[in-house]
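So you know, we letter chains A, B, ... as the sequences are listed, proteins then strands, and number each from 1.
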Amino acid sequence: MKKFYVTTPIYYINSEPHIGSAYSTIIADVIARYRRLSGYEVFFLTGTDEHGQKVLNEALARNIDAQKYCDIMADKFRKLWNELELTNDGFVRTTDENHMRTVQQFVTRLRENGDIYKGRYEGWYCIPDETFWNEEDLKEGKTCPECGREVKWVSEENYFFRLSKYTDRLLKLYKGNPEFVQPDFRRNEMLRILESGLKDLSITRTSFSWGVPMPDDPEHVIYVWVDALINYLSAIGFPDDKETFERFWPADVHLIGKEINRFHSIIWPAMLISAGIPLPKQIYAHGWLTVNGQKISKSLGNAVSPMAFVNVYGNDALRYYLLRDIQFGRDGDFSEDNLIGRINADLANDLGNLLHRTVVMIQKFNNGLVPEMGIEDPIDDTLRELAERTFSTYTESMDHLKFTQALEGIWELIRFGNKYIDLTEPWKLGKNLENKERLDSVLHNLVRVLKNV
RNA sequence: UGCGGGGUGGAGCAGUCUGGUAGCUCGUUGGGCUCAUAACCCAAAGGUCACAGGUUCAAAUCCUGUCCCCGCUACCA
C-alpha cells in the first residue's frame, strides 16, 4: 500500500487559533481525505509549537506556569480541530517528552557531524520586539526602525549551526527538483536567498530557559525553530520507532504559510542533510487570508474564530468556500458575503436543486426506487463523457493541489446535470407510460452523477 | 532602497510561459419551463485587457518605459 505523509505547520500558541490557522489545517485535511479515498495509507500531522520567549511571556502575564498555559492553549487547538471534524492522525506538542528527547538526539547528530560550534551572537536588539537589527537599518539615535524605541547592544555566547556549508548542496537540490518548493514564485524567492549566500545560524539562547536544553550544556536552550521543525520527525517515531518512521518518512508534502518558507525550504533541508536523513518531497507555501480585505490581527479584533462561521453555515460550506473561492497558494480574502454567495449559488441552487429535483422525481415517478437503465439516447453519452472527463481532470487537479480547478470542474458537471433534466424533460415522460423506459434511464443517470459528485 | 504579487465588461477571477475571433462565475435585462428553491434552462446587454512607445502580417499575451494598489525585508497560518 502506498503511503502519504502530510503535515501542517505546528501553531505557535501565544495566541488563539483563528481562521488562518484553520485554513492551513483544513487544506491538509482535504489532502489527507483525498489520498485516503485514493487508496493511500495516510499520516496527517498537526500540532502546537510551545517553546520560546513569547509563550513564556504570555504565561507570566497570566501568572500561571508555562506548562500549564501550554496545556490550556494546546487543548483549544485540539478542540477546534475536533469541531471542524479534521481527521489528523497525530497531534504533536513540542513540550511532549519524546519530542524533546528527539530534538536532543537530533542536535547531537549535528554536533557529531561537526556542524555545531560555539560562537558569539552580537547585535543591536530591540527588547520589546525581540528582534535583532543590522546597524545600517537603525534609525536616528540607535532606535528600532519598527517601533522607534531604543535598541541595546547585546552579546551572547551561542551554539551555531554551519548553515553556510550547505549553500551549494541546497542550490543543487533546487536545480534538480523544481517541485521541491511550490508555488514557483516562492521557489524563486528561496533561490535568490541561496544565491546571495547563507550565514550560519545561531541555534541556542541563554536569556531564558523555556525550551529544550542543549545536550551537555543545559544553560543553553535550543532555538524554537530548530526545536519546532523536528516535530515532523518526532511525531512519527524518530529515532526509536524505526518501523513507523520508515513507513512514513520522507514527508510527501509540508504544507506551510508563506512567512515560514525560509525555515522549511532552506534551514530544514540543511539540517536534514547534516543529520543524514532523507529530505521531504515537497514544501508547499500557501498565501495569507485577509478578512474583508484587512490583515488578520489581534489589535484590529478581526481574528475571528472559524467556529463563528461553522456554527451558522456548517463545516462543509466553510470548507467548500475556502477551497473554491481562494486560489490556493495566493493570498486571498475571506468575506462572509462571498461565503454566503457560494452557499446560495453553488451549494443550494446548483447542487442542492439538482439533488432535490432528482429525488422528487424518483419519488413521484418511481415510488422512490432508483430505476435500472432503460432506453438510451445520445444525450446520455454526452452526460457520460462529461462525467468521465470531470473525474479525470478532478484527479489531475487534486494531485497538484489545484482545489479551485477541481471544484470548478465538478460544478461544470453539476450545471450540466440541471441542463440534462431540462433537455430530457422527465416530467413529460412521466405522464405517459410508454415512455417509462426512457424515463428510467434519465433518472438512473442523474443518480449516478450525484452519487459520484 | 531591494524583492515579490496584482491592475482584464458592475463584482470576483481565468487566459499571459507556447502571440492569431477576449472566457468563466456572480450580478443586470428579456424569454422559457414547472420535476425543483426568490430555483433551473435559454438569450441579450456590458470590456480601446492600467498607460505610453516598440517588435510583428497579427499582442491581454513578447520588449522598453511610466503610473497605481498590495505584501515581504528574518523567527506572526
Student: Could you state the CH2-C1' distance from A:W411 to B:C13, rounded to the nearest angstrom?
Tutor: 17 Å

Student: Counting Watson-Crick and G-U wobble pairs only, both distances under 3.5 Å, name the nucleotide matched with B:G53, or none.
Tutor: B:C63

Student: Determine the interatomic distance between C1' on B:C76 and the same-named atom on B:C40; round to the nearest Å.
Tutor: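 Comparing C1' positions in B:C76 and B:C40 gives a spacing of 46 Å.
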
Student: Look at A:K419 together with A:D422 and state whether they make a salt bridge at an N to O cut-off of under 4.0 Å.
Tutor: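 Between A:D422 and A:K419 there is no salt bridge, as every charged N stays at least 4.0 Å from the carboxylate O atoms.
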
Student: What is the pairing partner of B:C33, taking Watson-Crick or G-U wobble pairs with both distances under 3.5 Å in any strand?
Tutor: none

Student: On a whole-Å scale, what distance lies between the P atoms belonging to B:G31 and B:A11?
Tutor: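 Approximately 27 Å lies between the P atom of B:G31 and that of B:A11.
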
Student: To the nearest Å, give me how far apart CG (A:L45) and P (B:A77) are.
Tutor: 16 Å

Student: B:G15 and B:G7: how far apart are their C1' atoms, nearest whole angstrom?
Tutor: 15 Å

Student: With nearest nucleotides of RNA chain B determined for A:L423 and A:I260 from heavy-atom distances, which residue corresponds to the more 5′ nucleotide?
Tutor: A:L423

Student: Can you tell me, in whole Å, how much space there is between the C1' of B:A58 and that of B:G20?
Tutor: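 Approximately 6 Å lies between the C1' atom of B:A58 and that of B:G20.
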
Student: Between B:U16 and B:A60, how far apart are the two C1' atoms, rounded to whole Å?
Tutor: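 Comparing C1' positions in B:U16 and B:A60 gives a spacing of 7 Å.
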
Student: Is the phosphate of B:C76 approached by A:K54 (side-chain N or O, under 4.0 Å from OP1 or OP2)?
Tutor: yes

Student: Can the positive tip of A:R78 be found less than 6.0 Å from the middle of the six-membered ring of A:F91, inside 45° of the ring normal?
Tutor: yes

Student: So, do A:Y11 and B:A77 meet the stacking rule of ring centres under 5.5 Å and planes under 30°?
Tutor: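 Given the distance and angle limits, no, they do not stack.
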
Student: Over how many whole Å does the gap from A:E259 atom CD to B:G71 atom P extend?
Tutor: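 Result: 15 Å.
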
Student: Which is more 5' along RNA chain B, the nucleotide nearest A:P9 or the one nearest A:D350? Just name the residue.
Tutor: A:D350

Student: How many Å lie between CG on A:N344 and C1' on B:G27, as a whole number?
Tutor: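 Taking atom C1' of B:G27 as the reference, CG of A:N344 is at 13 Å.
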
Student: Pick the P atom in B:C13 and in B:A50, then give their distance to the nearest Å.
Tutor: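 Result for the P pair: 15 Å, nearest Å.
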
Student: Grab the CD-P distance between A:E408 and B:A14 for me, whole Å please.
Tutor: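 Distance, rounded to whole Å: 10 Å.
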
Student: May I ask you to say whether A:R448 pairs ionically with A:D380, meaning some side-chain N is under 4.0 Å from a carboxylate O?
Tutor: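 Here A:R448 does not pair with A:D380 in a salt bridge, since their nearest N and O are not under 4.0 Å apart.
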
Student: For A:E83, I'd like to know if atom CD has over 12 heavy atoms of other residues, nucleotides or ligands within 6.0 Å.
Tutor: yes

Student: When the ring centroid of A:H264 is compared with that of A:Y232, is the distance short of 6.0 Å?
Tutor: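 That pair passes the under 6.0 Å test.
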
Student: Report the distance from atom NE2 of A:H286 to atom P of B:C76, rounded to the nearest whole Å.
Tutor: 15 Å

Student: Counting only side-chain heavy atoms from C-beta out, which of B:A77, B:C75, B:G71 sits nearest to A:K258?
Tutor: B:G71

Student: Pairing check on B:U48: which nucleotide meets the Watson-Crick or G-U wobble criteria with it, both distances under 3.5 Å?
Tutor: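 Because no pair has both required distances under 3.5 Å, B:U48 counts as unpaired.
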
Student: Let me know the distance between CG of A:D346 and C1' of B:G12, rounded to the nearest Å.
Tutor: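 In whole Å, B:G12 C1' and A:D346 CG are 12 Å from each other.
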
Student: Could you check which of B:U25, B:A14, B:C26 has an atom nearest any side-chain atom of A:A345?
Tutor: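 For A:A345, the side-chain atoms sit closest to B:C26.
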
Student: Between the protein and nucleotides 30-36 of chain B, list the N/O to N/O atom pairs that are separated by less than 3.5 angstrom.
Tutor:
| residue | atom | partner | partner atom | Å |
| --- | --- | --- | --- | --- |
| B:C35 | O2 | A:R357 | NE | 3.1 |
| B:C35 | N3 | A:R357 | NE | 3.2 |
| B:C35 | N3 | A:R357 | NH2 | 2.7 |
| B:C35 | N4 | A:R357 | NH2 | 2.9 |
| B:A36 | O3' | A:H356 | ND1 | 3.3 |
| B:A36 | O2' | A:N353 | OD1 | 2.9 |
| B:A36 | O2' | A:H356 | ND1 | 3.3 |
| B:A36 | N1 | A:R357 | NH2 | 2.9 |
| B:A36 | N3 | A:N353 | ND2 | 3.4 |
| B:A36 | N3 | A:R357 | NE | 2.8 |

Student: Decide yes or no for A:F77 and A:D75: does some side-chain heavy atom of the first lie under 4.5 Å from some side-chain heavy atom of the second?
Tutor: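 No. Closest side-chain heavy atoms not under 4.5 Å.
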
Student: Nearest to the side chain of A:Q327 - B:C72, B:A74, B:C13?
Tutor: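 My answer, after comparing the listed nucleotides, is B:C13.
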
Student: Hey, is the side chain of A:Y223 pairing donor to acceptor with the base of B:C75 inside 3.5 Å?
Tutor: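 It does, because a donor-acceptor pair links the side chain of A:Y223 to the base of B:C75 below 3.5 Å.
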
Student: Any idea how A:Y23 and A:H286 line up, ring-wise: parallel (<30°), tilted (30 to 60°), or perpendicular (>60°)?
Tutor: perpendicular

Student: In whole Å, what separates the P atom of B:U64 from that of B:C17?
Tutor: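 So the two P atoms sit 15 Å from each other.
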
Student: For A:V181, is there any backbone N or O sitting under 3.5 Å from a side-chain donor or acceptor partner on A:S265?
Tutor: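 Looks like no, no N/O pair under 3.5 Å.
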
Student: Without decimals, in angstroms, what is the distance between A:L446 CG and B:C40 C1'?
Tutor: 13 Å

Student: If I pick the P atom on B:C70 and the same atom on B:U8, what distance separates them, to the nearest angstrom?
Tutor: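 After rounding to an integer number of Å, I get 15 Å for this pair.
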
Student: Got a sec: does the NZ of A:K165 have more than 12 other heavy atoms crowding it under 6.0 Å?
Tutor: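 More than 12 heavy atoms, drawn from other residues, nucleotides or ligands, come within 6.0 Å of this atom.
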
Student: Using a heavy-atom cut-off of under 4.0 Å over every strand shown, decide if A:R186 touches base, sugar-phosphate, or nothing.
Tutor: nothing

Student: Side chain of A:N349: nearest nucleotide among B:A74, B:C76, B:C40?
Tutor: B:C40

Student: Tell me what A:G430 touches on the nucleic acid: a base, only sugar-phosphate, or nothing, going by heavy atoms under 4.0 Å.
Tutor: nothing

